[in-house]
Peer 1: 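So that we are looking at the same thing, I have put the structure below in structure tokens.
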Amino acid sequence: EAVSGVASFLDLFALRELRVFDIHPAAMQRMRELYGDRLTVTCCSDAQTACEGADILMTVTTSRRPVVEADWIPKGCFVAGLYSLFDLDPRAAITCDKWVLGSKEADRRQILEDPVFEDYHLTMENVYADLPEILSGAKPGRERDDETIVYTHFGMGALDVAVGKLIYDKAVKVNAGQIIRMD
């Protein structure tokens with residue numbers, strides 16, 4: 001996910017530097033090899049250093065505990081918590097200017113009813129909007145340069161279908177995979 005996340009950000013934004021941290025040095029080196037010709041890739045010794053001065057912060061881990069603390073998030077930063085609030089300090093959802101969910105209905109059950117988060121007292125009142133509301137224009141996204149926006153999600157069915165279609169198309173293009181009859 002980190003590789004495709006960075007690729008999508010590079011397509012959308014004129015990034016100058018990518019600061020990465022991973023517990024596996026080889027993963028950081030891979031990012032340098034993949035993107036070093038397009039921008040400066042800085043391999044950091046810890047997650048806090050990687051967060052310093054960030055305009056965009058993306059957490060892409062499978063950690064069941066926070067890797068990024070709320071206090072490390074710079075003012076005005078956009079945070080993409082791709083594993084929801086497991087690897088991102090749940091306090092970030094309360095201390096940011098706008099907390100945006102992938103889907104209010106689906107994520108509410110995961111985030112607000114999961115015992116892992118009960119000590120943080122997260123409520124739907126903490127949620128500014130969900131992605132469909134932002135994309136449809138029902139609620140504005142960023143309104144000021146100094147707004148800190150935290151976006152978290154647990155995945156959306158439509159996204160899974162879209163990614164599945166991309167994988168299928170790529171497999172067809174390179175003649176990979178096999179057909180399995182399920183009748």
Peer 1: Can you confirm whether L34 sits close enough to V6 that some side-chain heavy atom of one is under 4.5 Å from a side-chain heavy atom of the other?
Peer 2: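 Side chain of L34 against side chain of V6, heavy atoms only: no contact under 4.5 Å found.
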Peer 1: Identify whether V172 and V174 are in the same connected component of the hydrophobic contact network (ILVMFWY, side-chain heavy atoms under 4.5 Å).
Peer 2: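 V172 and V174: separate clusters.
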Peer 1: Taking a hydrophobic cluster as the set of Ile, Leu, Val, Met, Phe, Trp and Tyr residues connected by side-chain heavy atoms closer than 4.5 Å, whether directly or through intermediates, do F21 and W72 fall within one such cluster?
Peer 2: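 Different clusters.
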Peer 1: Does D37, at its CG atom, have more than 12 non-hydrogen atoms belonging to other residues, nucleotides or ligands within less than 6.0 Å?
Peer 2: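 It does: D37 CG has more than 12 such atoms within range.
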Peer 1: Look at the side chain of D97 and the backbone N and O of I149, then say whether any donor-acceptor pair between them is shorter than 3.5 Å.
Peer 2: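 No, the answer is negative, given that no donor and acceptor are paired below the 3.5 Å cut-off.
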Peer 1: Check step by step if side chain to side chain contact (heavy atoms under 4.5 Å, CB included) holds for L88 and V79.
Peer 2: CA-CA 9 Å; L88 178 61; V79 181; 3.8 Å; yes
Peer 1: Tell me whether M58 shares a hydrophobic cluster with I23, the cluster being built from Ile, Leu, Val, Met, Phe, Trp, Tyr side chains joined at under 4.5 Å.
Peer 2: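 No, separate clusters.
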Peer 1: Please check this pair: side chain of R19 against backbone of T49, looking for a donor-acceptor N/O pair closer than 3.5 Å.
Peer 2: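 Such a contact is found between R19 side chain and T49 backbone.
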Peer 1: Under a 4.0 Å threshold between the charged nitrogen and the carboxylate oxygen, would K139 count as salt-bridged to D130?
Peer 2: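 Judged by the 4.0 Å cut-off on N to carboxylate O distance, D130 and K139 do not form a salt bridge.
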Peer 1: Can you hop from Y120 to W99 via hydrophobic side chains spaced under 4.5 Å?
Peer 2: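 Result: yes, single cluster for both.
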Peer 1: With side chains defined as the heavy atoms from C-beta onward, is the minimum distance between P140 and Y128 less than 4.5 Å?
Peer 2: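 P140 reaches Y128 side chain to side chain.
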Peer 1: Should K98 and R142 be marked as a side chain to side chain contact (heavy atoms under 4.5 Å, CB included) after you check the CA-CA gap, both sets of side-chain angles, and the distance that decides it?
Peer 2: CA-CA 9 Å; K98 292 179 178 174; R142 180 173 300 280; 5.9 Å; no
Peer 1: Is there a side-chain contact between P66 and P90, using heavy atoms and a 4.5 Å cut-off?
Peer 2: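 Yes - at least one pair of side-chain heavy atoms lies under 4.5 Å apart.
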Peer 1: May I ask you to check whether over 12 heavy atoms, not counting those of R16, lie within 6.0 Å of atom CZ?
Peer 2: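 Check fails, neighbour count at 12 or below.
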Peer 1: Between R30 and V3, does a side chain to side chain contact (heavy atoms under 4.5 Å, CB included) hold up when you go through it step by step?
Peer 2: CA-CA 9 Å; R30 180 164 185 252; V3 170; 3.2 Å; yes
Peer 1: Report, as yes or no, whether the 6.0 Å neighbourhood of atom NZ on K173 holds more than 12 heavy atoms from other residues, nucleotides or ligands.
Peer 2: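 It does not: K173 NZ has 12 such atoms or fewer within range.
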Peer 1: Has T152 got a side-chain atom pairing as donor or acceptor with L101's backbone, closer than 3.5 angstrom?
Peer 2: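 Judged by distance alone, no pair lies under 3.5 Å.
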Peer 1: Applying side chain to side chain contact (heavy atoms under 4.5 Å, CB included) to R64 and Y83, what does each step give before you reach the verdict?
Peer 2: CA-CA 9 Å; R64 296 286 290 179; Y83 192 39; 3.4 Å; yes
Peer 1: Just so I know, are the side chains of I56 and L15 near enough to count as touching, which here means a heavy-atom distance under 4.5 Å?
Peer 2: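 When only atoms from C-beta onward are counted, L15 and I56 do touch, with a gap below 4.5 Å.
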Peer 1: Keeping D87 on the side-chain end and T61 on the backbone end, is there a donor-acceptor pair under 3.5 Å?
Peer 2: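 Yes; at least one donor-acceptor contact below 3.5 Å.
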Peer 1: Anything under 30° is parallel, anything over 60° is perpendicular, the rest tilted; go ahead and classify F86 against F117.
Peer 2: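 Tilted.
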